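The structure under discussion appears below in the form of structure tokens.
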Amino acid sequence: MVTQGRELSDQRKSALTAGTALMLMTLAAIFSYGFVHARILKQGDTSAVIQYLISYHHLFKAEIFGWLIILLCDIVVAWSCYVFLKPTHKDLALLGAWLRLVYATLLGIAIANLLFVLTLTTNSTDYGSPFTSNQVGAQVMLHLQAFDLIWSVGLIVFGAHLLILGILALRTDNIPRWIGILLLLASIGYILIHMSKLFFEDYEEVGKILENVFIVPMTAGELGFGLWLLFRGGK
């Protein structure tokens, strides 16, 4: 009985940890990607992007800080979800954790490109900068594109992680089936959307269709799982 009670306590602690990290990550993503980064992408041409980054330098720094919070939360979620799902299937739970850590590594590489952009736009205002304005603009756009490309590769791996989570959720009686189904649909959405983004030239048309089809499970899948972990997981 003591061992069983300790296991239930560990389950609840890991569920609370994962749920809290997922909620914090969601808020950081809304700010960093949904608010700041989306505005950068909407600027259009290179000169407008550079001017925006220089004018809102502190906001761009805050975006990078938000990505770093997301990165740390991903590592926490990888560990805590492994602990929580280990009793269901240890090997699958471990695979899911490793996939999330691989995604976190790719996200870290992507964030490094934003740090390069920060350095370039900071130095571009100095008279001692070794680059012309055109060279700075070309490098900034290159690093922004690299961020987007590397993150897309990472989100394919993230989709595979959600696939494992969905399978584990359906294999246990503790997690509602609707969460498992949403996670599986979200995994398919992430994989299809970002593989299309990488390999199809006419991505804009295909991407809009896929995003419209999978927007609900992609939004509600991990968010719903996080809320359930926060309030019900391990009880």
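Just so it is clear, the structure is predicted and the values come from calculations on it, not from any experiment.
Within a 6.0 Å sphere centred on CG of Asp45, other residues, nucleotides and ligands contribute more than 12 heavy atoms. Crowding of Tyr56 atom OH: a count of heavy atoms from other residues, nucleotides or ligands under 6.0 Å not exceeding 12. The 12-atom threshold is not exceeded at CH2 of Trp98, counting heavy atoms of other residues, nucleotides or ligands nearer than 6.0 Å. Residue Met141 qualifies as enclosed at atom CE: its count of foreign heavy atoms under 6.0 Å is above 12.
Glu222 meets the side-chain hydrogen bond (donor to acceptor under 3.5 Å, both in side chains) test with Arg100; sequence neighbours excluded. Residues passing the ring pair (Phe, Tyr, Trp, His ring centres under 6.0 Å) test with Phe116, sequence neighbours excluded: His143. Listed by chain and number, the residues in a ring pair (Phe, Tyr, Trp, His ring centres under 6.0 Å) with Phe60 amount to none (sequence neighbours excluded). Not a single ring pair (Phe, Tyr, Trp, His ring centres under 6.0 Å) links Phe65 to another residue, sequence neighbours left out. In terms of the ring pair (Phe, Tyr, Trp, His ring centres under 6.0 Å) criterion, Phe214 has no residue partners (sequence neighbours excluded).
Counting heavy atoms from C-beta outward, Ile50 and Ile54 have side chains that approach closer than 4.5 Å. Taking the side chain as every heavy atom from C-beta outward, Leu223 and Met23 approach each other to under 4.5 Å. Thr20 has its side chain out of reach of Leu24: every pair of non-hydrogen atoms, C-beta onward, lies at least 4.5 Å apart. For the pair Phe84/Thr17, no side-chain contact is recorded, criterion being any heavy-atom separation below 4.5 Å from C-beta on. The shortest side-chain heavy-atom distance between Ile70 and Ile111 does not fall under the 4.5 Å cut-off. Residues Gln11 and Pro87 meet the side-chain proximity criterion, which asks for heavy atoms closer than 4.5 Å. Side-chain atoms of His89 and Leu85, non-hydrogen and from C-beta on, never get closer than 4.5 Å to each other. Contact annotation: the side chain of Leu16 approaches that of Leu230 to within less than 4.5 Å [non-hydrogen atoms, C-beta and beyond].
Closest approach of Thr88 and Leu168 over heavy atoms only: CG2-O, 3.8 Å. Of all non-hydrogen atoms in Ala186 and Leu162, the two that sit nearest each other are CB-CD1, 4.0 Å. Heavy atoms only, all atoms of each residue included: Ile75 and Ala104 are closest at CG1-CB, 4.4 Å. When every heavy atom of Ile109 is checked against every heavy atom of Asn113, the shortest pair comes out as O-ND2, 3.2 Å. Pairing each heavy atom of Val83 with each of Ser14, the nearest pair is CG1-CB, 3.8 Å. In this structure, Ala15 and Gly233 approach most closely via the heavy-atom pair CB-O, 3.4 Å.
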Original post:
Passes side chain to side chain contact (heavy atoms under 4.5 Å, CB included), Leu165 versus His161? Steps please.
Top reply: CA-CA 6 Å; Leu165 284 189; His161 161 76; 3.4 Å; yes
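Applying the salt bridge (Lys or Arg N to Asp or Glu O under 4.0 Å) definition to pairs two or more places apart or across chains, those involving residues 138-167 are Asp148-Lys197.
Interatomic distance, NZ of Lys13 versus OG of Ser80, reported as 14.0 Å (0.5 Å rounding). We find the SG-NZ distance between Cys81 and Lys86 to be 13.5 Å, quoted to the nearest 0.5 Å.
Put simply, Leu22 and Ile69 are part of two different groups of oily side chains (I, L, V, M, F, W, Y) that touch within less than 4.5 Å, one to the next.
Between His37 and Phe147, the ring-plane angle classifies as tilted under the 30° and 60° cut-offs.
Annotation: His194 is not in aromatic contact with Phe158 [ring centroid separation under 6.0 Å not met].
A side-chain N or O of Trp151 and one of Tyr103 form a donor-acceptor pair less than 3.5 Å apart.
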